[in-house]
Participant: 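Mind having a look at this structure? Questions to follow.
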Amino acid sequence: PKIVFLPKDEEFFRPLTLYSLEDHIYICLLAKYLVDLTDPYLNKSCIAFRGKEGQKIVGFNNYHEAIKQIIDYRIKNKDKSVYVTECDIKSFYDCVPHHRVEMSLFGPIKQDLSDKALNGVMNYLNSYCFQDAIEASTKSKKIIKWPIKELTELHRGSIPRVGIPQGGAISCWIANYVLWLADYLH
């Protein structure tokens with residue numbers, strides 16, 4: 001893939017991974033397969049990047065519907081408290097350790113995951129790491145933020161291959177599945 005840098009703000013850039021048309025089509029088809037495979041496992045409260053079956057489980061297919069349901073609930077239950085949680089994990093796509101994704105593939109979906117899909121995910125991971133994006137940004141004089149101090153502390157000095165491509169459909173699935181699995185296991 002080719003890494004390009006899009007402005008994040010006035011000073012910093014975000015790496016975006018561009019694949020060939022053939023690779024992009026394969027990635028989209030693999031992402032659909034993975035989403036359909038894992039939708040039944042995900043919690044009803046997980047609403048991002050769901051497939052058609054997941055949309056049936058959740059009862060809607062986008063954030064607008066989620067907000068509408070919250071407002072409707074609030075109107076019907078004026079005397080009850082409402083708690084809504086939404087968060088953004090700083091530099092999430094840049095910091096996901098590849099070995100964590102690899103380990104997650106041997107979680108609950110292992111028995112249903114085809115060898116071809118497993119190889120596809122592994123090839124996708126191997127096509128990119130954030131350390132390569134940093135090297136490319138240095139050559140192109142584009143500055144990207146990276147929480148190097150936090151990663152060094154977390155991995156006790158030696159940072160493994162980290163980062164999942166931004167711009168590929170499988171990345172959304174990886175984010176959903178890895179976060180769900182972390183929640184499921186703890």
Side-chain angles (χ1 to χ4, degrees), residues 1-28 30-32 34-35 42 45-51 54 58 60-71 82-102 104 121-183:
K2 178 181 179 183
I3 299 172
V4 297
F5 298 94
L6 301 178
K8 188 171 185 170
D9 55 34
E10 291 182 18
E11 185 180 359
F12 296 100
F13 292 81
R14 171 191 321 273
L16 182 69
T17 310
L18 301 178
Y19 291 89
S20 69
L21 179 59
E22 184 179 292
D23 287 343
H24 182 73
I25 291 168
Y26 175 79
I27 288 167
C28 287
L30 179 57
K32 183 183 180 337
L34 294 166
V35 166
L42 299 180
S45 60
C46 178
I47 62 170
F49 311 115
R50 299 295 292 260
V58 173
F60 49 85
N61 63 3
N62 61 45
Y63 287 106
H64 301 289
E65 286 294 318
I67 292 169
K68 184 180 180 302
Q69 283 193 4
I70 293 166
I71 292 169
V82 176
Y83 300 94
V84 178
T85 304
E86 191 276 336
C87 67
D88 181 25
I89 301 174
K90 178 183 172 187
S91 302
F92 177 78
Y93 286 98
D94 303 335
C95 298
V96 174
H98 287 201
H99 69 276
R100 292 278 184 222
V101 177
E102 292 164 9
S104 76
V121 174
M122 298 306 290
N123 288 336
Y124 184 75
L125 279 177
N126 290 330
S127 75
Y128 174 89
C129 78
F130 198 71
Q131 290 94 324
D132 294 342
I134 288 176
E135 186 177 318
S137 74
T138 303
K139 289 177 183 174
S140 66
K141 296 187 169 71
K142 308 282 185 186
I143 302 169
I144 53 178
K145 282 186 182 179
W146 198 39
I148 187 110
K149 181 181 176 206
E150 293 91 341
L151 282 171
T152 303
E153 289 173 10
L154 179 66
H155 296 286
R156 296 186 178 100
S158 177
I159 302 172
R161 283 180 61 89
V162 296
I164 50 180
Q166 293 190 49
I170 298 174
S171 297
C172 300
W173 173 80
I174 289 172
N176 256 14
Y177 189 66
V178 168
L179 290 171
W180 168 79
L181 192 60
D183 187 43

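All of these numbers come straight from a predicted model, not from anything done at the bench.
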Participant: So which heavy atom on T17 is nearest to which on P1, and how close?
Facilitator: CG2-CB, 3.4 Å
Participant: Please determine whether side-chain contact (heavy atoms from CB on, under 4.5 Å) holds for the pair I3 and Y128, giving the CA-CA distance in whole Å, both sets of side-chain angles, and the decisive distance to 0.1 Å.
Facilitator: CA-CA 9 Å; I3 299 172; Y128 174 89; 3.9 Å; yes
Participant: Using every non-hydrogen atom in the two residues, find where A175 and Y93 come nearest and quote the distance to one decimal.
Facilitator: CB-OH, 3.9 Å
Participant: Where do L30 and V121 come nearest, in terms of heavy atoms and distance?
Facilitator: CD2-N, 3.8 Å
Participant: Roughly how far apart are L6 CG and L16 CG, rounded to 0.5 Å?
Facilitator: 5.0 Å
Participant: At their closest point, which heavy atom of N126 faces which heavy atom of R161, and how far apart are they?
Facilitator: O-NH2, 3.5 Å
Participant: Using every non-hydrogen atom in the two residues, find where S104 and V178 come nearest and quote the distance to one decimal.
Facilitator: OG-CG2, 4.0 Å
Participant: For the atom pair CD1 (I170) and NZ (K32), what is the distance rounded to the nearest 0.5 Å?
Facilitator: 14.0 Å
Participant: Provide the closest heavy-atom pair for Y19 versus S127 in the form atom of the first, atom of the second, distance.
Facilitator: OH-OG, 2.8 Å
Participant: State, yes or no, whether a side-chain contact exists between D94 and V162 at a heavy-atom distance under 4.5 Å.
Facilitator: no
Participant: Report, as yes or no, whether the 6.0 Å neighbourhood of atom NE2 on H98 holds more than 12 heavy atoms from other residues, nucleotides or ligands.
Facilitator: yes
Participant: Show your reasoning for whether side-chain contact (heavy atoms from CB on, under 4.5 Å) applies to Y177 and L34.
Facilitator: CA-CA 9 Å; Y177 189 66; L34 294 166; over 6 Å; no
Participant: Is Y26 close to Y124 at the side-chain level, that is, under 4.5 Å between some pair of heavy atoms?
Facilitator: no
Participant: How many angstroms lie between CG in N176 and CD1 in I174, if you round to the nearest 0.5 Å?
Facilitator: 11.0 Å
